[in-house]
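Note sheet for the following structure.
Start at 1 and go down the list; that is how both ligands and their atoms are numbered.
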Amino acid sequence: MSPSPSRPPSGAAPAARPPQRLTPMLRQYLEIKAAHPDAILLYRMGDFYEMFFDDAERAAPILEVQLTARQKGTDSEAPMCGVPHHALDAYLGKLLAAGLRVAVCDQVEDPAEAKGLVRREVTRVITPGTVSEPELLDGKEENLLAGVVWDGDDRRGGGGNGGGAGAFLDVSTGNFFVRRWLDAGEGVDDLEVLRPREVLYDEAGLPEPVRGWIERRVPCSAALDGDRLFDRGRAAELLERHFGTATLRGFGLAPGEPAVRAAAAALAYARETQHSDLAHVRSLALRESGERMVLDPTTLANLEVFRGLREGGRRGTLLAVIDRTVTAPGGRALRDWLRRPLRDPAAIARRHDAVGELLDDAARRERLRELLAGTGDPERLLARAVLGSLTPREAAALRDGLALVPEVLARLAGCSSQLLAELAAADPLPALAAELARVLADEPAASAAEGGVIAEGVDRELDDCRSLARDTKRHILSLEAKEREATGIGSLKIRYNKVFGYFAEVTKANAHRVPDHYVRKQTLVNAERYVTAEIKELEEKILAAEERRLALEERHYRELVARVAAEAEGLGALAAALGALDVLAAFAEQAARGRYARPRIDPPGAPIDVRAGRHPVVEATSREPFVPNDAELDSESSQIVLLTGPNMGGKSTYLRQVALIVLMAQAGSFVPAEAAAIGAVDRIFTRVGASDDLARGESTFMVEMIETANILHHAGPESLVVLDEVGRGTATFDGLSLAWAIVEHLHEHGRPKTLFATHYHELTELASVLPRVVNRTLAVKEWHDDIVFLRRVVPGSADKSYGIQVARLAGIPESVVARAAEVLANLEAGEYDLSGRPRIARGGGPEPAGGDQLALFAPEEQAVASILRGADVDRLTPLEALNLLHRLKARLR
Ligand code: ADP
Ligand code: MG
């Protein structure tokens with residue numbers, strides 16, 4: 001297929017700058033390139049893969065190789081660069097990371113035998129979203145290709161939701177699911193969370209924010225406007241045929257809806273680029289949010305679940321701290337569980353039961369984890385088999401992994417928790433395991449074409465060929481002995497070279513004793529070389545046996561790979577079971593190491609009650625001993641907790657710790673606390689005031705407000721809302737007023753459980769007005785002019801912000817600190833200016849000239865003040881007074 005990319009295609013057609021004269025080689029290159037205009041073409045020449053023209057210019061800086069020219073200075077000069085063939089994978093990785101598609105063009109006939117130009121063909125097309133080579137993938141991460149379709153203006157033709165949909169396919173595992181989106185915001189959120197490596201989208205009707213996100217965030221995308229991949233009529237049919245179902249209703253999908261077209265496009269594209277039927281893609285899941293907690297991308301970012309806010313890497317994230325999985329499928333499952341925690345208390349309890357059982361039995365857990373570590377990545381190996389690219393060594397890895405499964409399952413026998421008992425009943429695929437063990441050599445060679453891949457005893461003929469090959473030496477020696485005896489030449493040797501094959505070599509001195517039936521082949525300085533009919537016959541036998549051996553090995557290997565691919569369903573299910581088991585064992589392991597407790601999950605809406613909770617990441621990474629804190633949120637009495645306290649007091653940490661405990665609990669993990677009871681939450685929202693969020697580089701007050709608006713619209717009584725310094729991104733009074741109104745709204749509408757950290761102590765007055773608002777503060781101890789952070793959350797509110805003490809801790813010069821204390825004293829002493837605002841300039845020094853105030857207020861206000869100051873009220877008539885009032889008001893407007 002040839003999608004028409006929305007941007008300059010990754011490998012623009014070289015025709016843009018054709019050389020004047022085409023060599024046959026370049027003509028062949030251009031023909032092949034024409035079939036892959038949107039990919040970088042790697043063209044095999046000798047030991048190198050070469051790129052030409054625009055491809056070369058584009059790739060050279062990415063690959064960090066030198067850009068040169070072929071046939072420099074002639075009229076067929078062409079820019080080119082190349083990479084050694086043996087290092088292909090490393091270079092492929094760089095091209096893919098840069099978001100480029102790559103077509104690998106190999107020589108498909110032996111150059112030694114070719115007449116004229118060697119025949120070449122594209123043998124693989126690799127794209128960022130469809131790559132399945134293990135060397136090019138991060139085992140613990142998904143690698144998603146996405147199709148994105150919007151309903152456009154024709155709302156009747158589709159599934160009737162009028163929105164859009166995304167389909168997400170992981171070719172390397174066969175995982176395939178769709179998401180329906182009601183609006184652009186949902187679409188962008190999903191894309192942001194799932195981060196597909198490659199996106200195909202239908203331009204028709206696509207909302208601007210979605211298109212914008214794709215163009216900004218996905219280096220490899222293609223707009224497939226009106227492309228047959230999105231064809232409404234054929235989409236359902238394509239999927240039905242692939243899954244062998246008569247209708248898509250079983251998947252919960254309607255034939256013409258965007259989800260179906262998106263899924264069909266992704267599947268068709270992957271099948272075409274991979275030249276495979278993708279039989280390991282066995283089902284299409286409609287992932288609806290009903291069963292799962294919704295975590296929007298901002299929340300995942302603020303809570304640093306997968307990526308740190310500052311560096312964007314894995315360090316300092318929840319995942320980095322709790323990921324004790326020992327397999328790649330386990331790692332992927334863990335990400336999925338954290339990204340989409342459960343909501344049903346019973347389903348969550350099943351996970352907790354299993355974790356608890358594995359926690360209590362350390363010996364069992366340890367042995368299981370050891371065994372699991374050896375099971376490898378059956379999911380991705382299956383995908384490789386289906387794609388026909390499973391190497392013999394990967395097959396051996398699958399064999400060795402499967403061999404461990406019965407023991408893994410045996411270790412689960414007798415487990416009482418329902419989930420572990422279910423996992424114990426997984427099918428270990430004994431027939432496939434036996435077949436792999438029987439057919440595959442113990443340590444197979446890297447490629448079936450080299451032989452040495454199939455075990456002894458699989459095929460009698462193969463064994464015979466092998467023994468002949470092994471016996472070649474013996475046959476030759478016996479023939480040699482026979483000829484020596486017949487000719488009486490004791491130094492006669494039978495030898496081999498590539499040009500003549502086998503021959504008898506006789507020294508010059510003995511040449512006259514050679515019998516007539518010896519045919520001379522070659523004369524050397526000191527020796528003559530001959531062949532005989534018998535030597536030829538032996539040679540043919542040896543070569544035929546060798547050829548036959550390789551053919552048989554390849555055939556058996558191909559059959560074996562097909563056998564693996566045919567087991568798609570069973571292997572997929574087994575891989576999923578092992579992945580889940582790995583996560584449960586990892587949760588137990590982390591619970592043991594981190595002294596986590598089992599949380600109790602109560603029905604939605606019930607209180608959140610955490611005893612002595614800790615922040616899992618700060619506790620693991622900070623040098624200070626961590627101070628545990630309780631948290632109580634209750635829709636009836638303490639729906640909204642207003643948290644005040646000095647900067648650096650621990651407010652943000654506390655907020656995040658409560659949210660993370662809820663998230664972990666519902667993902668099935670134990671939690672860093674002495675005890676916790678959690679009313680199941682449907683969504684967690686977190687927003688962080690703009691100035692706290694500069695690290696993201698894109699946050700402005702506007703973004704903060706958009707995100708807050710989203711919360712006000714969507715948070716309900718089963719949601720948890722975490723607001724950290726919201727309103728800070730604007731002027732003090734604006735910010736305070738907004739924060740005030742937001743708290744009031746959350747109190748009256750939606751009524752989500754809310755944690756609100758703020759440095760506006762004025763907000764704490766809300767607690768006296770609104771019945772479900774409570775004040776908490778982070779305790780500090782004052783010590784002369786210094787403060788000590790106690791990190792303890794206590795009832796009440798901070799009466800000061802201790803900004804000056806914190807500034808001193810931070811190393812602000814003592815003179816500045818002292819002056820600040822003085823200004824503060826003035827403010828607190830209630831020195832006010834004419835307009836009723838605190839007078840702050842008075843200090844030890846002289847009054848500023850003119851006795852005027854610092855320009856704290858807007859010029860209009862100052863102007864009004866000075867008019868008022870100048871007005872002689874005693875001598876104004878009532879009408880003049882009214883006019884003055886009008887004028888002043890007008891100025892302020
Ligand atoms: P705030 O939001 O009030 O400015 P933070 O939550 O950012 O404060 O906390 C500042 C630092 O204090 C954190 O980086 C952390 O190292 C430390 N800290 C916070 N809470 C605790 C705690 N409960 N125990 C120990 N150290 C803590
Ligand atoms: Mg903070």
Checklist entry - For the residue pair R791 and G649, what are the closest heavy atoms and their distance? => result NH1-O, 3.2 Å
Item to check | Contact check, side chains of V326 and D582, non-hydrogen atoms, under 4.5 Å | outcome: yes
Next on the checklist: Tell me the nearest of E624, M648, R614 to atom 11 (C) of ligand 1, using heavy-atom distances.
Outcome noted: M648
Next on the checklist: So which atom in V355 and which in G668 form the shortest heavy-atom distance, rounded to 0.1 Å?
Outcome noted: CG2-O, 3.5 Å
Checklist entry - With atoms numbered from 1 as shown, which atoms in ligand 1 lie under 4.0 angstrom from a non-hydrogen atom of N647? => result 4 (O)
Item to check | Interfacing atoms of ligand 1 (cut-off 4.0 Å, heavy-atom, T653) | outcome: 5 (P), 6 (O), 9 (O), 13 (C), 19 (C), 20 (N)
Checklist entry - Got H747 and P771 here, is their nearest side-chain heavy-atom distance under 4.5 Å? => result yes
Next on the checklist: Once you restrict to heavy atoms under 4.0 Å, what part of P625 touches ligand 1? Side chain, backbone, both or neither.
Outcome noted: backbone
Checklist entry - Numbering the atoms of ligand 1 from 1, which are under 4.0 Å from a heavy atom of K651? => result 1 (P), 2 (O), 3 (O), 4 (O), 6 (O), 8 (O)
Next on the checklist: When you measure from the heavy atoms of A757 to every atom of ligand 1, does any distance fall below 4.0 Å?
Outcome noted: no
Checklist entry - Do E192 and R217 touch side chain to side chain, with heavy atoms closer than 4.5 Å? => result yes
Checklist entry - Any idea how W337 and F587 line up, ring-wise: parallel (<30°), tilted (30 to 60°), or perpendicular (>60°)? => result tilted
Checklist entry - Near R315 CZ, under 6.0 Å, is it more than 12 heavy atoms from other residues, nucleotides or ligands? => result no
Checklist entry - Hey, does L778 come in under 3.5 Å of ligand 1, counting only N/O atoms on both sides? => result no
Item to check | Contact (N/O only, under 3.5 Å) between Y654 and ligand 1 | outcome: no
Checklist entry - Any idea which atoms of ligand 1 are less than 4.0 Å away from a heavy-atom of F626? => result 21 (C), 22 (C), 23 (N), 24 (N), 25 (C)
Checklist entry - With a cut-off of 2.8 Å, does S652 place any N/O/S atom under that distance from the Mg ion (ligand 2)? => result yes
Checklist entry - Is ligand 1 under 4.0 Å from a heavy atom in the side chain of P646, in the backbone, in both, or in neither? => result backbone
Next on the checklist: Is it the case that ligand 1 has an N or O less than 3.5 angstrom from some N or O of G650?
Outcome noted: yes
Checklist entry - What is the minimum heavy-atom distance between A676 and V671, and which atoms define it? => result CB-CG2, 4.1 Å
